[in-house]
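Shown next, in structure tokens, is the structure this report addresses.
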Amino acid sequence: MATSINSTNAEFGGSGETETEAVVGVNRKEKAPLLSQRKLFRSLSGRDISSNGSEGSNTNRTLGLFGGVFAPVCLSQFSSLLFLRVGFIVGNLGLLVACGSLTLAYAILLFTILSICAISTNGAVEGGGAYYMISRTLGPEFGGAIGILFFFANVFSSALYTTGCVEGLVDNFGESGSIAHFLLDGKWYQFGYGSAVNVFNMLVCLIGAAMFARFTVIIYAVVLICTGSVILTYFVENHVIEVPIPSSNPIVNETHPMNGTYTGFSGRTLEDNLYISYSRDYTNCDDSEDYMSCITVTYAMTFGVLFSGVTGIMAGANMSGELKEPGKSIPRGTLMATLFTFTIYLLLFVLTASTTERFLMTNSYIFMMGINLWKPFVTIGIITATLSASLSNIIGSSRVLEALVKDNIYGRLTYFIGVLSVGSNPVGAVIVSAILVEFVLLIGGLNQIAEFTSIFFLLSYFATNLACLGLEWASAPNFRPTFRYFSWWTSVLGMIGNGAMMFVISPSVAAICIILLLVLVIILHLHSPSEQHQWGSISQALIFHQVRKYLLLLDSRKDHVKFWRPQMLLMVNSPRSACPLIDFTNDLKKSGLYVLGHVKVGTLEDDLKDPAAQDYPKWMALVDHLKVKAFVEVTVAPSVRDGLHHLARVSGLGAMKPNTILMGFKDNTPSQDFFTRYEISASFSYGSIAEGGGENPPLGDSSPFNVNSYHATSPTVSSPSLLTQGSGMTSHITSEEYVKMILDIVNLGKNVCLCRHFHQMDKAAIFRKDNKQKYFIDVWPVDFLNPDDSNIFGTTSLFLMQLATILNMVSTWRKKTTLRVFLCVSSRDADPEAQRTQVKKMLHELRINATIVSVPWDHVATHLHKEVDSVNSDAESEANMNYLTNLNEEYINGVNGLISGQSVDTAVTFLYLPGPPTNTALHLDYLRLLTGITNGLKPTIMVHGISAVTTTNL
């Protein structure tokens, strides 16, 4: 058999062949890289990209700025608040606090809108609105969790506006209605009316959102006319009007009806309405006939109602899939609508506080009807505003759910929803949304639902601001939104405002929502099928930004031996045969740098594409599969030796450079394929695999390295099984070149470790809980090739003990192994006991907890000078210079037997590696001697140190 580098340990050269296997784990349905898609060029040229990715024109995108964004946002923000709760807010908070709360709510919305505008103008926005923006920015885990919360926010909001619509219907047409009296009143009757409205909304959605969009402008015009009539009434009806208190209010006695007073513009009325004065909410009573059983209004309840009424800023973003130019329409339409509705609300607050007594405002939420020029205007306004808002939200919720289903975020849980879709209409999502709205209607009145709605929206807006902040802080060059009126501090203020008001409204509900969010993030991170999507995660950009910053602060000139740690570069050829060594080195690195280096022999002229880049995803799959904390460096070079030079010099970054290079050993041991290997049976003793693989161990379960247990974590990561098999390759390294590589490492100022027999290492057997056997980590700090000049306190010996100590510090190794330091004692030594005491003192000063074992080796040392003594004195000098040639087989076999005899229960052995000779004529002798000393041993590391790695000083 030809001599080869032991591929069961770690080879470090590879063939230049290009792998042709298909990449495993890629979802072909997902969009391919940009440059392979004509959609990119259409996007860059200003043409729109349809949400379904078709090559045709944007036939599914029919909505413009006014009908697609401005009108829906206005309708959502007017909703139930405009006609039903202005008096509730002003009457309880007073004009000053009401205007301040309105300004605070709109400030929070404004900061969030700025973030929405920034994100939506940074690329093509598809269906899903806020969910699409957040998921494509923060990644599938966070985006999926926020997406489901935003879905529920829209569901609750639809139920809120449905309840408002029912309240308006009952107040106008109920048993005590101001217009007619044909509707029966009561809790379950109102639930029935809400269900009817919900079914109507569902039918409209099933017909298609485009139908609603066509009527949006008309509905908006109707609401605007009704709003105009209310504002006009304040100026026209500038006289005292007695407005009846609804009989549904428990404060009203059936025999003595009560009235509230509309005074017209009055300085006294304005003065009385300036400050806070909380009353009771007559729509939320334990006893419908006892006013004192009604809940007392609080600021949290009032702000919750106020904020839930103006949360419609996402109404336009939710229709992003139907907008002709979402990048332009969303920011402009949303900002214009927000400014317009804020002005209307502020005007209504001032007019109401100046003309209406507090008693009327807090005991008749529809007092506007009693003073209006024509009462049906208010009725029409209530019904159209609340109905359109509830319809808009159920459309929004269905679109978000549809996007979640398309992205396969929740896998089989939502699979049936996608099956029920008909064309571009998400029938299944609409039905599910309507069913959930039905359950929310059971909660009760408008004010109760408003609390949950506000918190869900606040959390969604918090995440939107977080996404924008992350993009801004990451400083990614591709974050170039055309909308410029935002900054990191606007995002921070938006996050603070949203987060604070969540807890102001309801600390308990806010805490539950946040916990639910975190649980969803964790679940999606661990189990979501969406991991196949490559959207890009802002976390990677932020990590890069911070790592670059701190790497610049890490100065190699300030390195100190006290803080030394191993920075490992492990040269690997065939990962199939090097799995145990890769895993072992991961334990040895002690939180230091760990790089897997691989050399592909060849030149770039041999391939049309970079072969290193083609193999890189497979190596990353290997890192994932073996669960090691390592970087990967793959290079192409004419020879393995040249590739070693590349990797030794350029691996790492800044001050994080490898200081120790590990290589496999060049011997005749055949390669073993750990990717397909099975675990050794428990009855088969550890380390009993024959050197040449002659004895086949009994098979048990698949080993931890078996690729059958591998699951890709990314579509860009192919299976590690596609990496070239080491056993099928021809080595590119001669024995002379191998020794030259060791010499090169020393000349480059790096520590060097040669690793042999690691195909025998079975950590699973060592660390098995039912295995009560105690194992040892052995250290032999003796230069067996030149024992006369060996210094146990030298750099290499200390480095040897340092590595062994680091391994013993790993918790799993510390529990099962004991560190032993061997001293070779000879009768020719002056005072062996003094040497032992000196070593013990050194170990104590270095804080190394080890057992010192003295081993007599006179029977070995007698062979050391046998041939040297036979030469004459004239040739003695030459013999000493060529000491390697004077080490006979008896001595080498004696050393091997000495170590082997002490290694019955050894897990791993650390040996002193003398520096390679500079004389090339001695290279083969050097390798032959190392081979003889380590033949048949347990997993062995031969170590040569260059610089100090430990100190006794503080």
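The figures that follow rest on heavy atoms only: side chains count, while hydrogens, waters and symmetry mates do not.
- Partners of Ile946 according to the side-chain contact (heavy atoms from CB on, under 4.5 Å) rule, which considers only residues two or more places apart in sequence or in another chain, are Val746, Asn751, His944.
- Applying the salt bridge (charged side-chain N to carboxylate O under 4.0 Å, His left out) definition to pairs two or more places apart or across chains, those involving residues 739-748 are Arg641-Asp744.
- For Tyr550, the side-chain contact (heavy atoms from CB on, under 4.5 Å) partners are Gln546, Leu553, not counting sequence neighbours.
- Residue Leu647 comes nearest to Ser651 through the heavy atom pair O-OG, 2.6 Å, listed as atom of the first residue, atom of the second, then distance.
- Residues in residues 796-806 take part in no salt bridge (charged side-chain N to carboxylate O under 4.0 Å, His left out) pair, two or more places apart or across chains.
- Atoms CE and CE, on Met571 and Met741 in that order, are 6.0 Å from each other to the nearest 0.5 Å.
- Looking at residues two or more places apart in sequence or on another chain, you find no salt bridge (Lys or Arg N to Asp or Glu O under 4.0 Å) involving Arg480.
- With sequence neighbours left out, the side-chain contact (heavy atoms from CB on, under 4.5 Å) criterion links Leu518 to Ile514.
- For the atom pair Tyr775 OH and Lys938 NZ, the distance stands at 8.0 Å (nearest 0.5 Å).
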In residues 588-596, what donor-acceptor pairs under 3.5 Å come from side-chain atoms, sequence neighbours left out?
from, atom 1, to, atom 2, distance (Å)
Lys589, NZ, Asn586, O, 2.9
Lys589, NZ, Asn586, OD1, 3.0
Tyr594, OH, Ile582, O, 2.8

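- Side-chain contact between Leu913 and Leu930 is present, with at least one heavy-atom pair separated by less than 4.5 Å.
- Within the 4.5 Å cutoff, the side chain of Met663 has heavy atoms near those of the Ile742 side chain.
- For Phe822, the side-chain contact (heavy atoms from CB on, under 4.5 Å) test picks out Asp778, Trp780, Arg820, Val853, Val855, Gln902, with sequence neighbours left out.
- Taking the six-membered ring for Trp and thresholds of 30 and 60 degrees, Phe758 and Phe584 have ring planes inclined between 30 and 60 degrees apart.
- Partners of Phe544 according to the ring pair (Phe, Tyr, Trp, His ring centres under 6.0 Å) rule, which considers only residues two or more places apart in sequence or in another chain, do not exist here.
- Taking the ring pair (Phe, Tyr, Trp, His ring centres under 6.0 Å) definition, one finds that Phe799 meets it with Trp564, sequence neighbours left out.
- Residue pairs satisfying the side chain to side chain donor-acceptor pair (under 3.5 Å) criterion with at least one member in residues 800-809, sequence neighbours excluded, are listed as follows: Asn808-Thr817.
- Not a single salt bridge (Lys or Arg N to Asp or Glu O under 4.0 Å) links Arg548 to another residue, sequence neighbours left out.
- When atom types are taken as modelled, the side chain of His759 and the backbone of Pro670 share no donor-acceptor pair closer than 3.5 angstrom.
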